[in-house]
Colleague: 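Here it is, the structure, as structure tokens.
In what follows, every chain begins at residue 1, and chains take the letters A, B, ... in the order their sequences are listed.
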Amino acid sequence: MPNRIGDAAAVPGSPISVHDRSDPDLVAAAARGNVDAFAELSRRYRDTYSRFAVRMVGDRDEAEDVMQSAFIRAYRAMDQCRDPNRFGAWLYQIVANECRSWVIRRNRRGRRIVRDEIQLRDAPAVLSGDGDETLEDVQYALQQLDADQREAFLMKHVEQLSYEEMAEITGDGISALKMRVKRACARLRLLLEEVHDA
Amino acid sequence: MPERPRDPDDLFAERVARVLGRPESFGDDFETSLVAAIRADRPIRFRLVPRARRFSRAWWKTPASIRISPIAATLLLAAGVAALAVVGTLQSNRRGVTDPYSVATTAPVHDTVTLVRFVFVGRAKSVSLVGDFNRWGAEPVPLIGANGVWTASIPLPNGRHEYAFIVDGAHWTLDPLAPSSSDEFDTKSSIVTVGT
């Protein structure tokens, strides 16, 4: 089964399904306005980023909206994808930016002010630290982090990216990313472990 | 040789990550809606918040003159007002962040930054500056106060920036001398435009 346009040209009448095309071929086709080619790219990659989006946004339906917005942006900027062989990484940048912006704007709406560790320490713990946290409880704690820390923690510990990969996606320095992960862990721990004895 | 105990932070992170690592996926309706939205050329719902840019360390070494706008000088005599003054233009060597996606959606990046002085006049125990340039409070800029006059100077690139003052840690306060805008959630902020 041919998987490149060139191969198809040598086999007249042989239809090529979008499912069999390589990423670079689909990127090129989408950049020329082929929506079906982009839809195939979406099918290949959306599950890769859906968990990240749901955890960042905190709500599945909202996350799906945010992912849709991100993918629409990606389609409209397809000619900016400089390395079609790394379409996935390029798309991840867009998804991460969209999720992060959504979080920041939602926090602005609530006039949420990120305070220092002292205020966080005084906040009630979500539950006791018995190691049996539910997804809802952990998700709640995650929502208390600011966008940068939340993103860094998810990329590092949930999506298992290296700091180099995170730097490429976020455009931030590795030192800053390490600090964000460290602070995110500290904040999550405060929220998920027992409060100090009275 | 006894096994080296693992870092408690790593163990904690692993425990949390196990919970958060449960798969999530959207159905094939995702592509159906996506294709329909693209073909209908629907507007993108959210406006992006740009990431904070990194500046060269050299910017602070360049001396800058200070000038106060006439309006700010007059209003500094009144109580409970805030004023904004542009103090100088510095050249900086900015390390650009390669982001092919942002090229499509933002204005071109320039190599000029302006030191902008924010002034708040009023009675308060603390005043902080938050805006799109510091992720709206992720790293609030504390203003230094003396005799009811609070100031802070920060470098900003050319362009439009949104900001607000946080007074006494709780009161979201706009700059009465600056234009304001509301986002789609009706949250108001003040606007400063730097450069041309």
Colleague: Is Ser33(B) close to Glu64(A) at the side-chain level, that is, under 4.5 Å between some pair of heavy atoms?
Modeller: no
Colleague: Nearest 0.5 Å, what's the CG-CZ distance between Leu20(B) and Arg51(A)?
Modeller: 9.0 Å
Colleague: Identify which part of Ala167(A) has an atom lying under 4.5 Å from any heavy atom of chain B, answering side chain, backbone, both or neither.
Modeller: neither
Colleague: Could you tell me which portion of Arg55(A) (side chain, backbone, both or neither) has an atom closer than 4.5 angstrom to a non-hydrogen atom of chain B?
Modeller: side chain
Colleague: Is the shortest heavy-atom distance from the side chain of Val54(A) to the side chain of Phe26(B) under 4.5 Å?
Modeller: yes
Colleague: Counting only heavy atoms from other residues, nucleotides and ligands, does the tally under 6.0 Å from CZ of Arg44(A) exceed 12?
Modeller: yes
Colleague: Within the structure provided, determine whether Leu34(B) and Tyr75(A) are in side-chain contact (heavy-atom separation under 4.5 Å).
Modeller: no
Colleague: Any pair with a residue in residues 162-190 of chain A that passes ring-ring contact (aromatic ring centres under 6.0 Å, His included), sequence neighbours left out, goes on the list, sorted by first then second residue, please.
Modeller: none
Colleague: If you count heavy-atom pairs within less than 4.5 Å of chain B, which of Arg46(A), Lys182(A), Glu159(A), Arg60(A) leads?
Modeller: Arg46(A)
Colleague: Testing the basics here: between Ile72(A) and Ala37(B), what is the closest heavy-atom pair and its distance to 0.1 Å?
Modeller: CD1-CB, 3.7 Å
Colleague: Hey, are Arg39(B) and Asp36(A) close enough for a salt bridge, meaning a charged N less than 4.0 Å from a carboxylate O?
Modeller: yes
Colleague: Rounded to the nearest 0.5 Å, what separates atom CZ in Arg15(B) from atom NE2 in His157(A)?
Modeller: 13.0 Å
Colleague: Under the rule for ring-ring contact (aromatic ring centres under 6.0 Å, His included), what residues qualify as partners of Tyr92(A), not counting sequence neighbours?
Modeller: Tyr49(A), Phe52(A)
Colleague: Tell me, for Leu154(A) versus chain B, whether the close heavy atoms (under 4.5 Å) come from the side chain, the backbone, both or neither.
Modeller: side chain
Colleague: Can you tell me which portion of Phe71(A) sits under 4.5 Å from chain B's heavy atoms? Options are side chain, backbone, both or neither.
Modeller: both
Colleague: Are Leu11(B) and Val19(B) connected, step by step, through hydrophobic side chains (Ile, Leu, Val, Met, Phe, Trp, Tyr) whose heavy atoms are closer than 4.5 Å?
Modeller: no
Colleague: If every non-hydrogen atom of Phe12(B) is compared with every non-hydrogen atom of Cys185(A), which pair is closest and at what distance?
Modeller: CE2-O, 3.5 Å
Colleague: Which atom names give the shortest non-hydrogen contact between Ala39(A) and Val35(B), and what distance separates them?
Modeller: CB-CG2, 3.7 Å
Colleague: Heavy-atom distances under 4.5 Å only: say whether Ala176(A) touches chain B with side chain, backbone, both or neither.
Modeller: neither
Colleague: Answer with yes or no whether the hydrophobic clustering places Phe153(A) together with Met179(A); edges join I, L, V, M, F, W, Y residues whose side-chain heavy atoms lie under 4.5 Å apart.
Modeller: no
